[in-house]
**Student:** 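Encoded as structure tokens, here's the structure I'll be asking about.
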Amino acid sequence: MSLERNTVILGALLHDIGKFLQRGEFGEVKVSGQHPQVGADFVSAWRNELGRCVDVELLKTLVQRHHESSAFPAALQVDALKDPHVRALSRLVSRADNLASSERAPREEGKGRQPYRTTSLASIFDRVEVTREHRPQPRHFPHKPLTDTRTEPPIFSREGREADQTEVTSHIRAFGQQFVRMRDELRWDDFDCVLTHVLSLLQAFTWCIPS
């Protein structure tokens, strides 16, 4: 694979990593600002490692500029990029992001935004109605990695829509600790190795994070 192709693949995988990190604390990254900037800060913090298998400046741009909406400042928008080739690559990630986010249910009338830090992934059984008179109460999945073998698998939902902020913060910190552990274990010059391990880590920790 070419360096550019590898970079676009990793950029598409990591484009919303900032949304995940915003929910808690991550030691390697200063978590502040809108999520594209947080994601770009994450790439910058790991530039020495990631730069061994991808074009780290392009990767940072793809993560930082994956929106076409005017709701974001020009510094975070695809269309503000001057290089037409880089703009085209960023648009690939942006359009994919738009398609992927189309699965979200429309916001219920009369309800405002839920707190993004603690709102957890809802169980699909919330929507099952055996009778009209008895509707199931909201439930959510706990913030636990799928790889945790010390406790019961986190496949059973809990009552309520929100998780405790302490639990969420611990979950983000645990992700950070696992990522740091990879620093000395990964062959960072082997893109397939890096992609496989990063994807596996994201699957283990972000499975319980809603859109």
Side-chain angles (χ1 to χ4, degrees), residues 1-66 86 89-90 92-93 96-97 100 117 120-121 141-155 163-210:
M1 292 187 186
S2 70
L3 185 67
E4 183 179 274
R5 185 166 184 263
N6 290 349
T7 305
V8 173
I9 290 172
L10 194 59
L13 179 62
L14 294 177
H15 76 278
D16 264 349
I17 187 69
K19 281 188 174 181
F20 179 52
L21 300 182
Q22 278 182 325
R23 286 171 159 80
E25 297 176 5
F26 187 75
E28 296 287 313
V29 179
K30 181 181 179 181
V31 182
S32 63
Q34 293 178 290
H35 75 270
Q37 186 57 54
V38 175
D41 292 341
F42 172 83
V43 173
S44 294
W46 289 85
R47 64 183 307 114
N48 291 337
E49 290 77 20
L50 295 172
R52 293 171 59 184
C53 65
V54 298
D55 180 339
V56 75
E57 287 303 316
L58 176 58
L59 178 63
K60 182 178 176 179
T61 297
L62 295 177
V63 171
Q64 188 175 37
R65 296 174 181 259
H66 66 270
V86 175
L89 295 178
S90 290
L92 281 175
V93 178
D97 180 38
R117 292 181 183 273
S120 301
L121 185 67
F141 290 107
H143 284 71
K144 289 185 178 181
L146 291 175
T147 51
D148 187 358
T149 59
R150 298 167 297 177
T151 59
E152 181 180 71
I155 58 176
D164 181 79
Q165 180 62 62
T166 301
E167 178 182 278
V168 179
T169 299
S170 295
H171 188 66
I172 305 299
R173 285 177 178 169
F175 169 79
Q177 290 167 358
Q178 290 293 322
F179 212 97
V180 170
R181 186 176 299 173
M182 290 198 306
R183 175 175 287 159
D184 299 323
E185 297 178 353
L186 276 192
R187 300 193 305 274
W188 290 96
D189 55 350
D190 183 337
F191 176 75
D192 289 335
C193 177
V194 172
L195 180 66
T196 299
H197 281 78
V198 172
L199 176 59
S200 178
L201 194 61
L202 287 173
Q203 288 175 330
F205 278 87
T206 64
W207 74 275
C208 55
I209 305 298

**Student:** Side chains of Leu89 and Glu4, heavy atoms from C-beta outward: is any pair under 4.5 Å?
**Tutor:**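 Yes - at least one pair of side-chain heavy atoms lies under 4.5 Å apart.
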**Student:** Between the side chain of Arg23 and the main-chain N/O of Lys19, is any donor-acceptor distance below 3.5 Å?
**Tutor:**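 Present.
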**Student:** Determine whether Ser120 and His143 make a side-chain contact, defined as any pair of heavy atoms from C-beta on separated by less than 4.5 Å.
**Tutor:**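 Touching, per the 4.5 Å side-chain cut-off.
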**Student:** Using the six-membered ring wherever Trp is involved, compare the ring planes of His66 and His35 and label them parallel, tilted or perpendicular (cut-offs 30° and 60°).
**Tutor:**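 Rings of His66 and His35: tilted, 30 to 60°.
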**Student:** Measure the shortest side-chain to side-chain distance between Phe42 and Phe179 over non-hydrogen atoms and say whether it is less than 4.5 angstrom.
**Tutor:**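 Answer yes - side chains close enough.
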**Student:** Using 4.0 Å as the upper bound for N to carboxylate O, is an ion pair formed by Arg47 and Glu57?
**Tutor:**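 Salt bridge present between Glu57 and Arg47.
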**Student:** Check whether His171 reaches the backbone of Glu167 with its side chain - one donor and one acceptor, N or O, closer than 3.5 Å.
**Tutor:**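 Looks like no, no N/O pair under 3.5 Å.
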**Student:** Backbone N or O of Gly33 within a donor-acceptor pair of the Gln22 side chain at under 3.5 Å?
**Tutor:**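 A pair under 3.5 Å: yes.
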**Student:** With the side chain counted from C-beta on, respond yes when Val43 and Gln64 share a heavy-atom pair under 4.5 Å apart, and no when they do not.
**Tutor:**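 A side-chain contact is absent here, since even the closest heavy-atom pair is not under 4.5 Å.
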**Student:** Give, for atom OG of Ser90 and atom CG of Leu58, the distance between the pair rounded to the nearest 0.5 Å.
**Tutor:**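 The OG atom of Ser90 sits 7.0 Å away from the CG atom of Leu58.
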**Student:** For Thr196, does its backbone N or O pair with a side-chain atom of Ser200 as donor and acceptor, under 3.5 Å?
**Tutor:**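 No: the side chain of Ser200 does not pair with the backbone of Thr196.
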**Student:** What are the two closest non-hydrogen atoms of Val93 and His15, and how far apart are they?
**Tutor:**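 It is CG1-CB, 3.8 Å.
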**Student:** Quick one: CG on Leu10 to CG on Leu199, what's the gap to the nearest 0.5 Å?
**Tutor:**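 One finds 10.5 Å between CG of Leu10 and CG of Leu199.
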**Student:** Side chain to side chain donor-acceptor pair (under 3.5 Å) with Gln177: which residues, sequence neighbours excluded?
**Tutor:**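 Testing Gln177 for side chain to side chain donor-acceptor pair (under 3.5 Å), a comparison that skips the adjacent residues, returns none.
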**Student:** For the atom pair OG1 (Thr7) and CG (Leu50), what is the distance rounded to the nearest 0.5 Å?
**Tutor:**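 Rounded to the nearest 0.5 Å, the OG1-CG separation comes out at 10.0 Å.
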**Student:** Which residues satisfy the side chain to side chain donor-acceptor pair (under 3.5 Å) test with Asp190, sequence neighbours excluded?
**Tutor:**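 Partners of Asp190 under the side chain to side chain donor-acceptor pair (under 3.5 Å) test: Arg187.
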**Student:** To the nearest 0.5 angstrom, please state how far the CG atom of Leu59 sits from the CG atom of Leu13.
**Tutor:**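 These two atoms lie 10.0 Å from each other.
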**Student:** With rounding to the nearest 0.5 angstrom, report the CZ to OG1 distance, Arg117 to Thr169.
**Tutor:**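 So the CZ of Arg117 and the OG1 of Thr169 are separated by 8.0 Å.
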**Student:** With distance as the sole test, does Thr206 use its side chain to make a donor-acceptor pair with the main-chain N or O of Ile209 at under 3.5 Å?
**Tutor:**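 Side chain of Thr206 to backbone of Ile209: no pair is present.
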**Student:** Val198 vs Met182, test: side chain to side chain contact (heavy atoms under 4.5 Å, CB included). Steps then yes/no.
**Tutor:** CA-CA 9 Å; Val198 172; Met182 290 198 306; 4.2 Å; yes
**Student:** Does the Trp188 side chain pair with the main chain of Arg183, one donor and one acceptor, at a distance under 3.5 Å?
**Tutor:**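 Present.
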**Student:** Should Leu14 and Leu202 count as side-chain neighbours, where that means a heavy-atom distance under 4.5 Å?
**Tutor:**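 Side chain of Leu14 against side chain of Leu202, heavy atoms only: contact under 4.5 Å found.
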**Student:** Give me the atom names and distance for the closest heavy-atom approach of Trp207 to Leu121.
**Tutor:**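 Looking at all heavy atoms of both residues, the shortest contact is O-CD2, 3.2 Å.
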**Student:** Could you report the tightest heavy-atom contact between Leu3 and Cys53, atom names first, then the distance?
**Tutor:**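 Distance-wise, the nearest heavy atoms are CD1-O, 3.4 Å.
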**Student:** Listed by chain and number, what are the side chain to side chain contact (heavy atoms under 4.5 Å, CB included) partners of Ala174, not counting sequence neighbours?
**Tutor:**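 Partners of Ala174 under the side chain to side chain contact (heavy atoms under 4.5 Å, CB included) test: Phe205.
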**Student:** I need the minimum non-hydrogen distance between Gly51 and Val56, along with the two atoms involved.
**Tutor:**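 Shortest heavy-atom contact: CA-CB, 4.1 Å.
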**Student:** Distance check, rounded to the nearest 0.5 Å: Phe191 atom CZ versus Asn6 atom CG?
**Tutor:**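 Between Phe191 CZ and Asn6 CG, I get 4.0 Å after rounding to 0.5 Å.
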